[in-house]
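Below is one structure, written out as structure tokens; comments come after it.
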Amino acid sequence: MKGTTYEGSGRLRTVSVDVAPPGPGELQIAVAFCGLCGTDLHIVHGNMDARVRTPLVFGHEASGTVAAVGAGVRGWAAGDPLTVMPLIWDGTCAACLAGHQHICQNLVFVGIDSPGALQQRWNVPASIAVPLPGDLDLRTAALVEPAAVAVHDVRRSGLQVGDRVVVLGGGPIGVLIACVAREAGAQVLVAEIDESRRGRVSELGFEVRDPAGTDLTAEVESWTGGVGADVVFEVSGAAAAARATTALARVRGTIVVVAIHAAAREIDLQRVFWRELRLLGARVYQRADFERAIELLRRGVLPAAALISGVVPLEETATAVADLSAGRAMKILVDVAGEARA
């Protein structure tokens, strides 16, 4: 079977991957599609070389079907559609014992710390497999993992019906957060510097502003009647956006940090104090978030067609990474199965 590996120093290669049968407690997945995300770009750009072990088959936004069932696994059969919640926790650390297994202090993120989905056959613990409804197509189902991120972020924020929400960053996760927040009853404004992305966001019915071409604080004050946003999601990862968050939030408003910031950022702690703001981190997801994401995709609440810019074969993963890195695409799926799906 074929797979795409990260070899280190920015190099990708499509190779032949040995296929072992699933071990006890495992499922073997015939991977259909794998979405590429910002974390994958960090890996390919070499930003995670200190963490990953090369050569690494990466990728974690997967959909597929069961190819084989390992010993001791119940409730699964060949052909069942599924996705994967790519988190393995130890169950013994302080975070796990407190009920926060998704942010285990020794978390293994599958596709980063262990082999991922960019291979035609993928063995995973059955415990991290999530069943899919038969009427959700596998292409759309490749968005379940990023949609679960958005569901978790919105749930973490505690937003209420009627809240005014500002999303800083109109990429895939920003759009998904905006859609989940709107479904929860919020009014949403998205700030995005890229003109083409602003156009896509506007077509989805959201208020959109260009933070580089306008006074975003004044725009948000006008939009909220001088009150400020109830919730601000920082999704862009930009230093300027991090600085802006405290100026956009209302008294006792909430700021949710979603983006991975590679460096320490300035933030106005005087404003945090003065307005009694809540500053929250939101990382990955829990099982309930996956289940909610599947429901929202199944109902068409989340705009799969608008988010997926294209689908490429496994051999063109490097081209897809280049297009995403240059901002030429929103979300690209890799057709991992290729001829093996026929």
Side-chain angles (χ1 to χ4, degrees), residues 38 149-150 153-154 156-282 303 306-307 325-328 330:
V149 170
D153 298 337
V154 171
R156 181 104 169 93
S157 76
L159 70 80
Q160 303 295 313
V161 173
D163 277 357
R164 296 284 183 124
V165 169
V166 173
V167 179
L168 301 176
I173 297 296
V175 170
L176 288 167
I177 288 172
C179 291
V180 174
R182 181 168 62 185
E183 174 70 6
Q187 301 177 63
V188 183
L189 181 150
V190 179
E192 170 57 50
I193 62 173
D194 183 82
E195 183 178 3
S196 63
R197 286 187 170 183
R198 286 199 305 274
R200 293 190 188 98
V201 173
S202 179
E203 289 171 0
L204 294 172
F206 294 106
E207 294 278 345
V208 188
R209 301 291 187 276
D210 176 6
T214 189
D215 183 338
L216 185 59
T217 301
E219 290 285 333
V220 170
E221 286 185 358
S222 174
W223 182 61
T224 60
V227 176
D230 297 284
V231 182
V232 179
F233 293 95
E234 202 310 275
V235 196
S236 71
R243 286 195 301 270
T245 54
T246 54
L248 303 176
R250 67 164 173 82
V251 169
R252 288 202 166 183
T254 298
I255 297 165
V256 185
V257 180
V258 177
I260 299 173
H261 286 263
R265 302 300 194 195
E266 284 185 12
I267 188 165
D268 188 350
L269 292 181
Q270 168 68 8
R271 185 81 165 186
V272 173
F273 157 77
W274 198 254
R275 290 205 159 192
E276 291 196 347
L277 302 179
R278 282 201 314 159
L279 180 62
L280 301 175
L307 285 172
S325 300
R328 293 189 290 266
M330 182 74 85

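Position 1 is the first residue of the sequence; numbering continues from there. Remember, predicted model here, so these are calculated numbers, not experimental data.
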Stepwise side-chain contact (heavy atoms from CB on, under 4.5 Å) check, Ile267 with Leu279: CA-CA 11 Å; Ile267 188 165; Leu279 180 62; 4.0 Å; yes
Chi angles and distances behind the side-chain contact (heavy atoms from CB on, under 4.5 Å) call for Trp223, Val166: CA-CA 10 Å; Trp223 182 61; Val166 173; 4.1 Å; yes
Residues Thr217, Leu248; criterion side-chain contact (heavy atoms from CB on, under 4.5 Å); working and verdict: CA-CA 6 Å; Thr217 301; Leu248 303 176; 3.9 Å; yes
Derivation and outcome, side-chain contact (heavy atoms from CB on, under 4.5 Å), residues Ile177 and Val165: CA-CA 10 Å; Ile177 288 172; Val165 169; 5.7 Å; no
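In this structure, OG1 on Thr246 lies 12.0 Å from CD on Glu234, to the nearest 0.5 angstrom. Between Leu189 atom CG and Ser222 atom OG the span is 10.5 Å, to the nearest 0.5 Å.
Ser202 and Val208 make their closest contact through N-CG2, 3.6 Å (heavy atoms, listed as atom of the first residue, atom of the second, distance). Shortest non-hydrogen contact noted between Ala181 and Leu159 is CB-CD2, 3.9 Å. Between Val190 and Gly170 the shortest heavy-atom distance is CG1-CA, 3.9 Å. Nearest approach of Phe233 to Val258, heavy atoms of both residues: CD2-CG2, 4.2 Å. Scanning all heavy atoms of the two residues, the minimum distance from Val256 to Ser157 falls at CG2-CB, 3.7 Å. Pairing each heavy atom of Ser236 with each of Ala241, the nearest pair is OG-CB, 3.2 Å.
Residue Leu168 is tested with Leu216, Ile193, Val235 for a side chain to side chain contact (heavy atoms under 4.5 Å, CB included); the sole match is Leu216.
Applying the salt bridge (Lys or Arg N to Asp or Glu O under 4.0 Å) rule to pairs touching residues 162-190 yields Glu183-Arg299, sequence neighbours excluded. The list of salt bridge (Lys or Arg N to Asp or Glu O under 4.0 Å) pairs with a residue in residues 202-222, not counting sequence neighbours, reads Arg198-Asp210, Glu207-Arg209, Arg209-Glu219. Sorted by first and then second residue, the salt bridge (Lys or Arg N to Asp or Glu O under 4.0 Å) pairs with a member in residues 245-261 read Asp230-Arg250, Arg252-Glu276; sequence neighbours excluded. Applying the side chain to side chain donor-acceptor pair (under 3.5 Å) rule to pairs touching residues 264-274 yields His261-Arg265, sequence neighbours excluded.
At least one donor-acceptor pair under 3.5 Å links the side chain of Gln160 to the backbone N or O of Gly158.
Two residues are said to be in side-chain contact when any heavy atoms from C-beta on lie closer than 4.5 Å; Val201 and Glu192 fail this criterion.
Judged as a side-chain hydrogen bond (donor to acceptor under 3.5 Å, both in side chains), and not counting sequence neighbours, Arg200 has no contacts. Residues passing the side-chain hydrogen bond (donor to acceptor under 3.5 Å, both in side chains) test with Arg243: none are found, sequence neighbours excluded.
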